[in-house]
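Worksheet for the structure shown next.
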Amino acid sequence: MDSERNIPTGILGFPVAPFNEKDELDEQALYKNISFLISNGLESIFIGCGAGEFHAISEDEYETMIDIAHEATQSQVPIYTGVGGNIRTAVRQAELSEKKGADGYLILPPYLVEGTPQGNVEYISQVAQSTQLNSIVYQRNNVLLTKESLQQLVTIPQVVGFKDGVGDMERNIQLTQAVGDRLQWMNGMPMAEVTMPAYIPLGFEGYSSAISNYIPHISRLFYESLLHGDKETVTDIYRDVILPINDIRKQRPGYAVALIKAGMEIVGLPVRNTVRPPLTPVESSHYKELEAVINVAFDKYSLQTK
């Protein structure tokens with residue numbers, strides 16, 4: 001990896017796209033969301049990605065979100081954007097990200113179509129080479145990379161990272177063994193804390209933490225406990241917080257995003273339990289279940305890791 005490139009590691013922050021009563025982007029709430037993540041020690045900000053409802057925001061909102069990320073971070077941590085969709089849109093977003101001074105971007109899978117392995121390589125290559133910014137490959141849904149595909153992509157200097165959202169550990173072993181530390185490896189599974197113990201031995205040093213948006217002290221305590229081999233604390237947090245939240249997340253499609261906003265509302269952050277279609281807000285019964293888990297997260301686990 002190029003040591004001069006600002007490559008994200010550790011716990012990766014993925015802010016949401018807060019909407020007000022008029023279904024407009026709530027700029028102040030987004031600023032507070034990002035500031036909250038940084039004040040709690042997250043090592044990078046990924047703006048306008050999955051948690052940020054990339055699929056539902058307008059071009060103007062996308063650009064505004066990047067501006068707010070810069071304003072809130074004040075260059076304290078690297079900023080990455082989400083780019084994707086059809087190839088021309090993805091390239092346009094990549095070029096905008098470069099113009100706006102981002103450090104890089106996460107290349108999201110193209111929607112609605114399934115390409116061949118070589119087609120996926122060409123899509124990622126064109127986006128990665130459209131600017132000089134860092135590019136992170138995102139393996140998820142319709143983009144599954146082979147060892148040969150990834151070996152082609154690492155010849156591109158801009159490609160610095162790989163984020164996995166599939167969870168095929170045999171494939172991940174093949175990829176990490178083929179490429180090694182040429183890339184920064186990141187766990188991008190939904191509720192990534194659940195699977196992080198399986199990823200660390202393969203060289204995955206970072207992960208996207210949805211719960212860091214509302215209980216970042218749990219994310220930090222869990223990650224540090226994993227790294228230091230504190231199995232007792234890891235087991236306790238699994239039982240009390242992570243697995244119960246994951247069980248709620250699996251109750252409805254789209255809760256990977258909606259549950260974040262509900263959690264933020266519960267802890268008093270200025271983010272409403274609202275999402276744009278086709279996602280739906282967290283239902284009342286699930287909201288109450290989440291609230292109970294969050295109470296445990298604060299009652300049993302102090303904020304000493306902040």
Side-chain angles (χ1 to χ4, degrees), residues 1-17 30-31 33-38 40-55 57 59 61-85 89-110 123-124 126-140 143 153 156-165 183-189 192 204-210 212-213 216 219 257 260:
M1 290 180 295
D2 188 341
S3 60
E4 295 182 359
R5 290 184 175 270
N6 203 354
I7 305 170
T9 59
I11 305 177
L12 316 176
F14 282 73
V16 299
L30 177 59
Y31 181 93
N33 182 186
I34 298 170
S35 299
F36 178 78
L37 291 170
I38 294 173
N40 281 279
L42 270 75
E43 285 85 351
S44 57
I45 294 296
F46 283 72
I47 195 76
C49 297
E53 296 184 61
F54 174 85
H55 66 281
I57 56 176
E59 291 185 6
E61 289 171 329
Y62 179 84
E63 186 169 354
T64 298
M65 290 173 74
I66 299 174
D67 290 338
I68 293 172
H70 277 292
E71 183 182 354
T73 59
Q74 293 292 308
S75 302
Q76 296 177 71
V77 299
I79 295 174
Y80 280 69
T81 62
V83 303
T89 297
V91 168
R92 184 168 66 249
Q93 290 167 339
E95 292 172 345
L96 175 64
S97 299
E98 185 173 51
K99 178 182 177 181
K100 291 286 185 179
D103 294 279
Y105 38 80
L106 177 65
I107 302 177
L108 304 171
Y123 177 89
I124 295 168
Q126 286 188 36
V127 179
Q129 294 179 98
S130 66
T131 76
Q132 290 303 308
L133 297 185
N134 293 345
S135 295
I136 297 173
V137 178
Y138 195 5
Q139 175 169 264
R140 183 168 180 172
V143 174
L153 290 171
I156 302 170
Q158 294 95 319
V159 175
V160 301
F162 177 94
K163 184 183 180 188
D164 177 57
L183 296 177
Q184 186 69 45
W185 302 90
M186 308 167 196
N187 177 3
M189 291 292 290
F204 284 72
E205 298 179 348
Y207 76 95
S208 53
S209 174
S212 65
N213 281 289
S219 304
V257 174
I260 301 173

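Note: hydrogens, waters and symmetry copies are ignored here, and every other heavy atom, side chains too, is used. In what follows, residues are counted from 1 in the order of the sequence shown.
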Rounding to 0.5 Å, atoms CD1 (Ile45) and OG1 (Thr81) come to a distance of 13.0 Å
Salt bridge (Lys or Arg N to Asp or Glu O under 4.0 Å): which pairs involve residues 73-84, sequence neighbours left out? none
Flag, side chain of Asn134 to backbone of Val160, donor-acceptor distance under 3.5 Å: no
Output the distance between atom CG (Leu153) and atom CD (Gln158), rounded to the nearest 0.5 Å. 11.5 Å
Over 60° means perpendicular and under 30° means parallel, so tell me whether Phe14 and Phe46 are parallel, tilted or perpendicular. parallel
The criterion is side-chain contact (heavy atoms from CB on, under 4.5 Å); which residues satisfy it with Ser212, sequence neighbours excluded? Leu37, Leu42, Ser209, Pro216, Ser219
Rounded at 0.5 Å granularity, tell me how far OH in Tyr105 sits from CG in Leu133. 5.5 Å
Evaluate the side-chain contact (heavy atoms from CB on, under 4.5 Å) criterion for residues Phe162 and Ile136: first the C-alpha distance (whole Å), next the side-chain angles of each, then the deciding distance (0.1 Å), finally the verdict. CA-CA 5 Å; Phe162 177 94; Ile136 297 173; 5.9 Å; no
So which heavy atom on Gly52 is nearest to which on Ile57, and how close? O-CG2, 3.8 Å
Which pair of heavy atoms, one from Val257 and one from Ala51, lies closest together, and at what distance? CG1-O, 3.8 Å
For the student: nearest non-hydrogen atoms of Ser97 and Val83, plus distance: OG-CG1, 4.3 Å
Lys100 pairs by side chain to side chain contact (heavy atoms under 4.5 Å, CB included) with which of Ile47, Ile79, Asp67? Asp67
Around atom CD of Gln76, are there more than 12 heavy atoms of other residues, nucleotides or ligands at under 6.0 Å? yes
Given side-chain contact (heavy atoms from CB on, under 4.5 Å), test Tyr138 with Val143 step by step and report yes or no. CA-CA 8 Å; Tyr138 195 5; Val143 174; over 6 Å; no
May I ask you to test the Lys163-Leu106 pair for a side-chain heavy-atom distance under 4.5 Å? yes
Separation of Glu71 CD from Ile34 CD1 (nearest 0.5 Å): 9.0 Å
